[in-house]
Amino acid sequence: MSTSYTLENIRKEKATMQLLWIGMVSICMFFAGLTSLVFVDNMEIPSESDWFLYSTVIVLFSSLVYLIVSRNIKRDKPVSFLIFMVFILGLIFTYCQFQGWSDMRNNYGIIFTGENPETGQATPKEHSYFYAITVAHFAHLIFGLIALFITFFNALRNKYSSKKFLGIKLAGTYWHFLTILWVYIYLFINYT
Amino acid sequence: MSDHHHKETFITKYIFSQDHKMIAKQFLLTGIFMALVGMLMSAMFRVQLANPGETSILYNLMPSNWMDPDTGALLQDKYLALVTMHGTILVFWVLTAGLSGTFANFLIPLQIGARDMASGFINMLSYWFFFAATVVLIYSIYVPSGPASAGWTIYPPLSAEASYIEGSGLGMTLWLVSITLFIVGSLLGGLNYIVTILNLRTKGMSMKRLPLTIWALFVTAILGVLSFPVLLSCGLLLVFDRSFGTSFYLSDLIIGGEAAHHIGGSPILFEHLFWFLGHPEVYIILLPALGMTSEVISVNTRKPIFGYQAMVLSLLAIGFLSFIVWGHHMFMTGMNPFLGSVFAFTTLLIAIPSAIKVFNYLTTLWRGNIRFTPAMLFAIAMVSTFITGGLTGLILGNAPLDINVHDTYFVVGHFHIVMGLSAIYGMLAGVYHWFPKMYGRMMNKNLGYLHFWGTFICAYGVFFPMHFLGLAGLPRRYYANPVDMGQITDINDIITFFALAGAVIQFIFVFNFFYSIFRGSPASKNPWKANTLEWTTPVERIHGNWPGDLPEVHRWAYDYSKPGAEEDYIPQNVPLKEGESEH
Ligand code: HEM
Ligand SMILES: [Cu+2]
């Protein structure tokens, strides 16, 4: 691959970024669809567990770190360790989510589906909804983690420079998007 | 471009191709195949409606457990299966993937002057997701309990529990799997179309010079990426209800005397989510047909399209409005009458841009130097049926009128005239018009005329009388007519006659299509003397579309019969003459 930065490359990069952006718009519409349910039906979504507060702080912090990655690469400073750190923060976020889900189930009796063992009642849809929207976010996060890992791997192999860092831009944009999406969901389930 | 010519094997050329022209043909062939499957299904249920409870050789096309073992009649719930599959196939497989998939892929790079799509790989994935969806859908027809049977709109509760209707078992699960694959494929395609149009236009091809085909495909793709994800979220919750026992859409139901375990859900939620996609979807179907009609009409009247800017603006207006009218499918759900009148208002607003488009087509035709090619006939017919169907749309859009005919054959008549006729005619116009570019040969003209007139007469014979049945109160999706309707009782027989005749006539097209691929008379480079860039490419298919440099664009696509020009058309890549002004 040539290192010269031709017009054709700039165009291709712009197009690739746009593919991602429009994809993210699509994902927003998916979550907007889920969100609209709550307003059509005046649901109150449970959000008892504190673990979700921790995960929110972690994911915000990971995005901050990624901002440094973007700054560094433009100045040809090292990035691989920082990307790795974001990846690890992503894993910690995942850990918090799983803890949160089991907390909700074990300590608050909020389950996805089935009968409540004590009352024998079927699961109200608010409870199912809580799992549906948080797990849907997680499903998208998996792709973010994969993207971070690939970016980290490429950074290790010195694939990026201040002249050529599309991969870092793509992974970062998507990761920030996941952060914002999570903060939105967190606020949403807490204030409805 | 010679450096772009890498070696192609059979597999990379015809199967896992990344060339947009080949992918377009894959979409077209799959679409034609599915159209025939859907059409044969409609022939079967039309036969049942004309001869209720009697047997027919046509039913032997389906698994044997679809017939009553004694009488050989079509079973009642299999009638619903046929209706459901017919609707699903025609709406999604033929008029969404078959139409957009074919013409967006084929025309976007060729008409904007690009070598290919922004991402050939994503484009290929888009087709193969669609293909996988097709395999799953076809397979679902053959499972012992039958395919999905709750209508193409798969409303819960009927679609939610296998104990309500056999088709809501495995068949419905497969339907949901299939539609999920379909949505992924559509989204990947749509992303690519948008990005390609925004980024890969050749030098001089400003948005203001884009052919209207591309504008229409552009707005269509935007509608797709905004609305299909909502259908995905809608379907996901249905999957949870069906497979995991949640209660999003289900509430205190009694099944067979026993209370179901669901509480608190609401099927109306489903309708909101479904129609939020559902209405934009009907424009996803219609807009490409409108776009191609603009092109075909302009070329064949040898006149510039009337009101180019108004055409673009009305496309955008229709696209925008289509997101705020979904409630007109739900006037009967007990919605707040005030909300109902808001939806009626927004619905009627769509009539304005629609009427602008019709007006502009008619003024383009006015005093044109018209060439009645088969494509042109289909394009004119497209405009005519858009008027017929749009008028009944106005009736349905008024809540007080709609309440009387909702869920009757009046609605069936309405949407078949706008989709089954208008959109299909637009698609056929596209096939006849661009066939020479696709296959390098011409389709037979006389067979084309035969196909056109046969189709036009039969299709009106089928769908026009349906309005009377609906006004008389015949509900849609009924296995047999339960009410005595006096003088018009026999209308069903007439409709079935035209339906079967129309189905037979389609085989003229199928024959013409495949015969012409191999034996048609060789096409010249620009057989219709058209202005758009695809006609500047060589007849034989090459990777990268143009040998040498990409063409440069100097004018809009509609310089037909320009005063002072030697010929009655000036291709977009011809520079302006000295002192010549742009249109
Ligand atoms: C002037 C434009 C139009 C208006 C005002 C309009 C209005 C309506 C209304 C109010 C209904 C609901 C009727 C009911 O269920 O009681 C309806 C149904 C329908 N329309 Fe239209 N329509 C228009 C154009 C179109 C177009 C262009 C298409 C497709 C290409 C289309 C496709 C459909 C379909 C598929 C249904 C029925 C869906 C179902 O229940 O299965 N309509 N239309
Ligand atoms: Cu609608």
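Residue numbers start from 1 in every chain, and the chains themselves are labelled A, B, ... in the order their sequence lines are given, proteins ahead of strands.
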Residue part contacting chain A, namely of B:Leu237, when any heavy atom lies under 4.5 Å: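 Answer is side chain: those atoms of B:Leu237 sit under 4.5 Å from chain A.
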
Structural part of B:Leu226 lying under 4.5 Å from a heavy atom of chain A: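 Contact with chain A: backbone and side chain both.
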
Crowding at OH, A:Tyr95 (>12 non-hydrogen neighbours, <6.0 Å):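 12 or below, so no.
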
Over 12 foreign heavy atoms within 6.0 Å of CZ, A:Phe138: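 Atom CZ in A:Phe138 is crowded, with more than 12 foreign heavy atoms closer than 6.0 Å.
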
Beyond-backbone contact of B:Val225 with A:Val25, side-chain heavy atoms, under 4.5 angstrom: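 Contact flag for B:Val225/A:Val25 side chains = no.
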
Residues of residues 70-81 of chain A contacting chain B, heavy-atom criterion under 4.5 Å, by residue number: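 Counting heavy atoms that sit under 4.5 Å from chain B, no residue of residues 70-81 of chain A is involved.
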
Segment of A:Phe31 engaging chain B (4.5 angstrom heavy-atom cut-off):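 No part of A:Phe31 comes within 4.5 Å of chain B.
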
Heavy-atom pairs under 4.5 Å with chain A, option from B:Val230, B:Leu191, B:Leu198 with the top count: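 Option with the greatest count: B:Leu191.
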
Contact winner vs chain A - B:Phe240, B:Phe276, B:Phe248, B:Phe244, heavy-atom pairs under 4.5 Å: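 Result: the option with the highest number of such pairs is B:Phe248.
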
Winner by heavy-atom pair count (cut-off under 4.5 Å) against chain B, out of A:Gly33, A:Gly114, A:Gly23: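 Highest number of pairs under 4.5 Å: A:Gly33.
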
Approximate separation, where rounding is to 0.5 Å, of B:Leu236 CG and A:Ile133 CD1: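 Interatomic distance, B:Leu236 CG to A:Ile133 CD1, rounded to 0.5 Å: 11.0 Å.
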
Under 3.5 Å, what donor-acceptor pairs does chain A form with chain B?
residue	atom	partner	partner atom	Å
A:Arg11	NE	B:Asn199	O	3.4
A:Arg11	NH2	B:Asn199	O	3.3
A:Arg11	NH2	B:Arg201	O	3.1
A:Gln18	OE1	B:Asn199	ND2	2.7
A:Ser26	OG	B:Val225	O	2.9
A:Thr113	OG1	B:Phe244	O	2.4
A:Thr113	OG1	B:Gly245	O	3.3
A:Lys125	NZ	B:Gly264	O	2.6

